[in-house]
J.: 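My structure is below; once you've seen it, I'll send some questions.
In this chain, residues are counted from 1 in sequence order.
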Amino acid sequence: MEYIQAGQIIRELRKRRGMSQEELCEGLCEPPTMSKIEKGRQYPSKKLLDALFVRLQDHVELQVPLSAEEFNRARIEREIFSRLANRDYDVSDLAEQYRACSASMNKHEQQFYLLTLAVQHGQTGADRSAALRELEDAIRLTIPKYKVGSVIDSAILTSVEFVILNNIAINLWFLQERDTAIEIMEQLYNILNSYDMDREEYARRLPPVTFNLSMWLGIKESYAQSLYIADKGIQCCMQYGKYSALADLLYNKGFTLFCLGKNDEGRDVMRRAFMLMYASGNKKSFDAFKGDMIKTFGDDVWADLKGNTIPDEMQ
């Protein structure tokens, strides 16, 4: 039996896409390395292989040998992403474990490590300017020509690149660069809806993008757009069972409806959001959104909203 090597698959997919080796590997590896990979003289690391398939808009399941360091780093990455998905941004312990796995890191590992540092500085509110610098350094490791505010010309992004750009937008928003933040988030939203990616990957990426974008558009009083984006996120959550993100998006939708004076509809949507937070035991989000609701619309609106439907222990 004749086996097809990874390099052969990459070369065939690259030619189908009409890409040169230089276009495919820009920011990922050097052209001589790409040539060796395609000729079967060098096997790519798991991270490089995944990044190449993302650029090629395809995915082939290949058994890739992992060193002990690569295996440990992959395990830590999964744990970090799990914490971030649950809004636990204190990942300093895991970042140190990640760095200590070996004496050196390849480009893709450096990129992920910079992301974890930026999360510490940005999402915890410690230093958003430092976080933005780290995120810019991280994204330029694999997209060298990227400049904040420029059009993202790399139409297909790896999971890490996508998270980096999402966090760049978030930090710009809090640094009052709000128009630029919205532009970046809109680009990410359009990328997600322009390409046929893995459905599970799509379901992970879309909810946080639609949550931030719908919230920011609402703050900018672009209410029709805010509702449209929130509904797209809600549809995704319902279809793929992303119920923790569903509560957040329902809150955004309800908030925007209140801003439009559609109080009865807004109240019904808000109640669903708060009941989902209660059902999932997410008191942190419950308290944060409750405070936001009272601050914006007052105690009377909250009293009417909660009625007899929200359990006392969550009030």
Side-chain angles (χ1 to χ4, degrees), residues 80-92 118-128 131 163 166-167 169-176 178 181-182 185 204-223 226-227 229-231 233-234 236-237 242-260 263 265-315:
I80 288 173
F81 275 132
S82 177
R83 284 196 193 179
L84 297 183
N86 291 306
R87 296 185 177 177
D88 179 0
Y89 302 120
D90 185 5
V91 293
S92 55
V119 166
Q120 289 298 115
H121 289 136
Q123 292 284 16
T124 59
D127 189 341
R128 292 196 178 276
V163 172
N166 185 64
N167 276 272
I170 291 170
N171 281 284
L172 286 169
W173 177 266
F174 284 104
L175 290 168
Q176 303 303 312
R178 294 190 165 183
I182 288 175
M185 204 64 76
R204 282 196 300 269
R205 293 189 191 186
L206 189 70
V209 168
T210 51
F211 171 72
N212 286 316
L213 186 53
S214 62
M215 177 175 62
W216 296 349
L217 289 169
I219 291 171
K220 298 281 283 187
E221 300 183 3
S222 298
Y223 296 129
S226 176
L227 280 177
I229 296 295
D231 276 332
I234 289 166
C236 175
C237 290
K242 303 297 181 181
Y243 297 116
S244 59
L246 176 60
D248 296 348
L249 283 157
L250 285 170
Y251 179 83
N252 276 5
K253 179 176 181 178
F255 191 97
T256 302
L257 289 168
F258 268 104
C259 290
L260 288 169
N263 292 359
E265 187 179 353
R267 181 176 59 248
D268 291 342
V269 173
M270 283 279 202
R271 280 180 178 164
R272 290 168 59 198
F274 281 109
M275 288 302 295
L276 272 174
M277 293 175 208
Y278 169 73
S280 63
N282 192 350
K283 194 172 189 305
K284 183 177 179 181
S285 289
F286 186 102
D287 290 342
F289 287 132
K290 172 187 171 183
D292 186 47
M293 183 75 186
I294 293 172
K295 179 180 178 181
T296 306
F297 301 111
D299 289 310
D300 291 342
V301 173
W302 169 251
D304 179 52
L305 169 66
K306 68 183 180 65
N308 297 317
T309 60
I310 298 176
D312 291 339
E313 62 266 31
M314 288 294 282
Q315 296 179 23

J.: Going from CE on Met270 to CE on Met293, what distance comes out if it is rounded to the nearest 0.5 angstrom?
T.: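 Here the interatomic distance stands at 4.0 Å.
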
J.: Any heavy-atom pair between the side chains of Ile182 and Trp173 that's under 4.5 Å?
T.: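 Yes. Closest side-chain heavy atoms under 4.5 Å.
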
J.: So, Asp292 side chain and Ala288 main chain: donor-acceptor pair closer than 3.5 Å or not?
T.: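 Between the backbone of Ala288 and the side chain of Asp292 there is no qualifying donor-acceptor contact (under 3.5 Å).
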
J.: Distance check, rounded to the nearest 0.5 Å: Leu246 atom CG versus Arg272 atom CZ?
T.: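 Leu246 atom CG to Arg272 atom CZ measures 7.0 Å (nearest 0.5 Å).
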
J.: Side-chain contact test, heavy atoms from C-beta onward, threshold under 4.5 Å: evaluate it for Asp300 versus Asp304 and give yes or no.
T.: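 They are not in contact (no side-chain heavy atoms under 4.5 Å apart), so the answer is no.
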
J.: If we only count heavy atoms from C-beta on, is the Leu206 to Lys242 side-chain gap below 4.5 Å?
T.: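 A side-chain contact under 4.5 Å is absent here.
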
J.: Using the side-chain contact (heavy atoms from CB on, under 4.5 Å) rule, pick out the option among Ile229, Ile234, Asn252 that qualifies with Thr210.
T.: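 Exactly one candidate clears the test, Ile229.
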
J.: Please give me the minimum heavy-atom distance between Asn263 and Phe258, naming the atom from each residue.
T.: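 What the structure gives for the nearest pair is OD1-CD2, 3.4 Å.
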
J.: Phe255 and Phe297: aromatic ring centres closer than 6.0 Å?
T.: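 For Phe255 and Phe297, the ring centres are under 6.0 Å apart.
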
J.: Under a 4.5 Å cut-off applied to non-hydrogen side-chain atoms, are Leu227 and Tyr223 in contact?
T.: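 With C-beta onward as the side chain, the pair stays apart.
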
J.: Is any side-chain heavy atom of Arg178 less than 4.5 Å from a side-chain heavy atom of Trp216?
T.: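 No; the side chains remain at least 4.5 Å from each other.
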
J.: Looking at every heavy atom in both Arg128 and Asn171, which two are closest together, and how far apart are they?
T.: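 Smallest heavy-atom distance, with atoms named: NH1-OD1, 3.1 Å.
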
J.: Nearest 0.5 Å, what's the CD-OG1 distance between Glu221 and Thr256?
T.: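 Interatomic distance, Glu221 CD to Thr256 OG1, rounded to 0.5 Å: 11.0 Å.
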
J.: Is there a donor-acceptor pair under 3.5 Å between the side chain of Arg271 and the backbone N or O of Leu305?
T.: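 Yes: the side chain of Arg271 pairs with the backbone of Leu305.
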
J.: Determine the minimum heavy-atom distance between Ser214 and Leu249, stating which atoms define it.
T.: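 Closest pair (atom of Ser214, atom of Leu249, distance): OG-CD2, 4.2 Å.
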
J.: Do you know the tightest heavy-atom contact between Leu257 and Glu265?
T.: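 Closest pair (atom of Leu257, atom of Glu265, distance): CD1-CG, 3.7 Å.
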
J.: Check Met277 against Ala247 and note the closest heavy-atom contact, atom names and distance.
T.: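 Distance-wise, the nearest heavy atoms are CG-CB, 3.8 Å.
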
J.: Distance check, rounded to the nearest 0.5 Å: Met275 atom CE versus Leu250 atom CG?
T.: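 Rounded to the nearest 0.5 Å, the CE-CG separation comes out at 13.0 Å.
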
J.: Where do Asp248 and Ser285 come nearest, in terms of heavy atoms and distance?
T.: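 That would be OD1-OG, 4.4 Å.
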
